Colleague: 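What follows is a single structure, and I will ask about it in a moment.
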Amino acid sequence: MTPPRKQAPRRTAVLRREAVVTTVLVAVAALLAAAGPAAAGTTGSTGAGDPYFPLAGNGGYHVAHYDLTLRYDPHSRHLDGTAVLTARATQRLTRFDLDFKGLKVTGLTVDHVKADYRRDGQELVVTPRTALRKGQEFRVTVTYNGTPKQVTDPDGSPDGWIPTDDGAFVAGEPQGAMTWFPANNHPEDKSSYDFTITVPEGRTAIANGAYLGKRTAHGRTTFRWRQPEPMAAYLATASVGKFKVEQYTTSAGIKVYNAVDPREATAAAPVLKKLPSVLEWERKLFGPCPFRAAGSIVDHAPNVGYALETQGRPLYDSAPDLSTLVHENAHQWFGDSVSLARWKDIWLSEGFATYAEWLYSEQHGGRSAQKTFDALYARPGSDDLWAFPPGNPGSGAHIFGTPVYARGAMTLHELRRAVGDPAFFRILRAWAAGHHDGHGTTAQFLALAERESGKDLGGLFHTWLYGAGKPSRS
Ligand code: ARG
Ligand code: ZN
């Protein structure tokens, strides 16, 4: 299937209306965020410095590990949580922020000593009893509870802890993590995770990484999960529902855990059966699987409207088609293992995952990538596809727009035509290998592509990523 993803038109309609307002708010908030650290010196900043989401993430520390203990009752929609963050101060800190929205905080300690805190929108502002030294490792424990409230993204999509009729669809791109745990909520900060999730017996709670087992007592079942490789907060999940579970190990030694809502089982079965071969195909093309765990969470969540590449185990709002399966799993290399440093670079995630769909089709008897490119290129200059350049979407309202997915993929196709197949696939593998468990920027990708191909690619990137309107063909 070709981009845009299935719900893109709905999102695109919303984004045009909100773009102007968002841009102004973003500009104001960016100024405020920038003023924060300069004004105080020893207080962590309220944001990671991302102009698209100025309050996302926080300055002054890095979180190495999250240990999340949750208990959810789908009936009352009540969530109880304890989050233990192991972090390191990157500067002296008399005060720092976490991102946390909605839920009530009932206790907060820093290194086991009660700390002062206050809420300010999505910022949970923490003042430890004694200042943290630069380089000091510290532990923040937050206990909280309440009914999580999803956020609405600038594109109109629900994001965060989204209740379903039998549990919750838990996704967080780009902002929603803060609706269910206190986080340094920007992909710039990646961390390992442990999850302990208790739900009523008969429900299943699925998070990221390895499944460590479950225990049932007094009508409740506790599921344990561990995500050892670093993960951005937006890729965390703790989805709950009535699921059929299937587990196996692939020939490459990857542990697969599939959870499927019975209502989606018939439609999902033939697609999920292809997961091992899709992962194997992606491994050959992109290099070793970045994570030891894989699988799928196929929920029945008609109110959501998108799938998410939750780390190790993508989350689908309904039975996915094959190209969506290819797309979300390609993200494990591009977007999850190689993270964005800034949301502006979103094409490095969505453009790559979309191009993986084109390549899959081409190599499995379907339409060639060239044909897909040509069909898109035939769209008139007035089409939404050319509304903004993918390398500079302009605001958070545009990061999931058609140009990011489709013209992002077209950029890769033009790169492939310019350098030839051997260099192109070398570039993809070198990108995944060189930045795995880390970050990559557009400038770094361009530099790598030039190095691997020996070609000057500045013009091509400029035209396809940054040029306004429909690019003319050279
Ligand atoms: N990254 C998801 C994908 O691969 C899309 C997430 C959309 N999220 C949103 N808040 N609009 O398609
Ligand atoms: Zn995607």
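Just so you know, ligand 1 is whichever comes first in the structure, and atom 1 is the first atom listed for that ligand. In this text the structure is predicted, and so the values were computed from the model without any measurement.
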Colleague: Would you call the rings of Tyr144 and Phe100 parallel, tilted or perpendicular, where under 30° means parallel and over 60° means perpendicular?
Modeller: perpendicular
Colleague: Given the side-chain rings of Trp281 and His364, with only the six-membered ring counted for Trp, is the space between their centroids under 6.0 Å?
Modeller: yes
Colleague: Does Glu350 have a heavy atom less than 4.0 Å from any atom of ligand 1?
Modeller: yes
Colleague: Which option wins on minimum heavy-atom distance to atom 11 (N) of ligand 1: Thr152, Asp159, Leu235, Asp155?
Modeller: Asp155
Colleague: Measure up the Phe445 and Phe352 rings against each other and bin them: parallel (under 30°), tilted (30 to 60°), perpendicular (over 60°).
Modeller: perpendicular
Colleague: Which ligand 1 atoms, with their elements, are less than 4.0 angstrom from a heavy-atom of His331?
Modeller: 4 (O)
Colleague: Which atoms of ligand 1 have any heavy atom of His327 under 4.0 Å away?
Modeller: 3 (C), 4 (O), 12 (O)
Colleague: Should one rank Phe400, Tyr405, Tyr234 by closest heavy-atom distance to atom 3 (C) of ligand 1, which comes out on top?
Modeller: Tyr405
Colleague: Can you find an N or O of Tyr306 that's nearer than 3.5 Å to an N or O of ligand 1?
Modeller: no
Colleague: Under 4.0 Å from ligand 1, counting heavy atoms only, is it the side chain of Ala171, its backbone, both or neither?
Modeller: neither
Colleague: I'd like to know: is the Zn ion (ligand 2) within the 2.8 Å range of an N/O/S atom from Glu350, strictly under that distance?
Modeller: yes
Colleague: Answer yes or no for Ala353: is there a heavy-atom contact with ligand 1 below 4.0 Å?
Modeller: no
Colleague: Scan Lys242, Arg263, His300 and name whichever one has a side-chain hydrogen bond (donor to acceptor under 3.5 Å, both in side chains) with Asp165.
Modeller: Arg263
Colleague: Looking only at N, O or S atoms in His327, which is nearest to the Zn ion (ligand 2)?
Modeller: NE2
Colleague: Short list, please: which atoms of ligand 1 are under 4.0 Å from a heavy atom of Glu309?
Modeller: 1 (N), 2 (C), 3 (C), 4 (O)
Colleague: Classify the ring geometry of His398 against Phe388: parallel below 30°, tilted from 30° to 60°, perpendicular beyond 60°.
Modeller: parallel
Colleague: For ligand 1, which part of Asp153 has a heavy atom less than 4.0 Å away: the side chain, the backbone, both, or neither?
Modeller: side chain
Colleague: Tell me whether the centres of the aromatic rings in Tyr257 and Trp225 are closer together than 6.0 Å.
Modeller: yes
Colleague: Do the rings of Phe424 and Tyr355 sit parallel, tilted or perpendicular, given the 30° and 60° boundaries?
Modeller: perpendicular
Colleague: Hey, can you tell me if Tyr466 and His462 have their rings parallel, tilted or perpendicular (30° and 60° cut-offs)?
Modeller: tilted
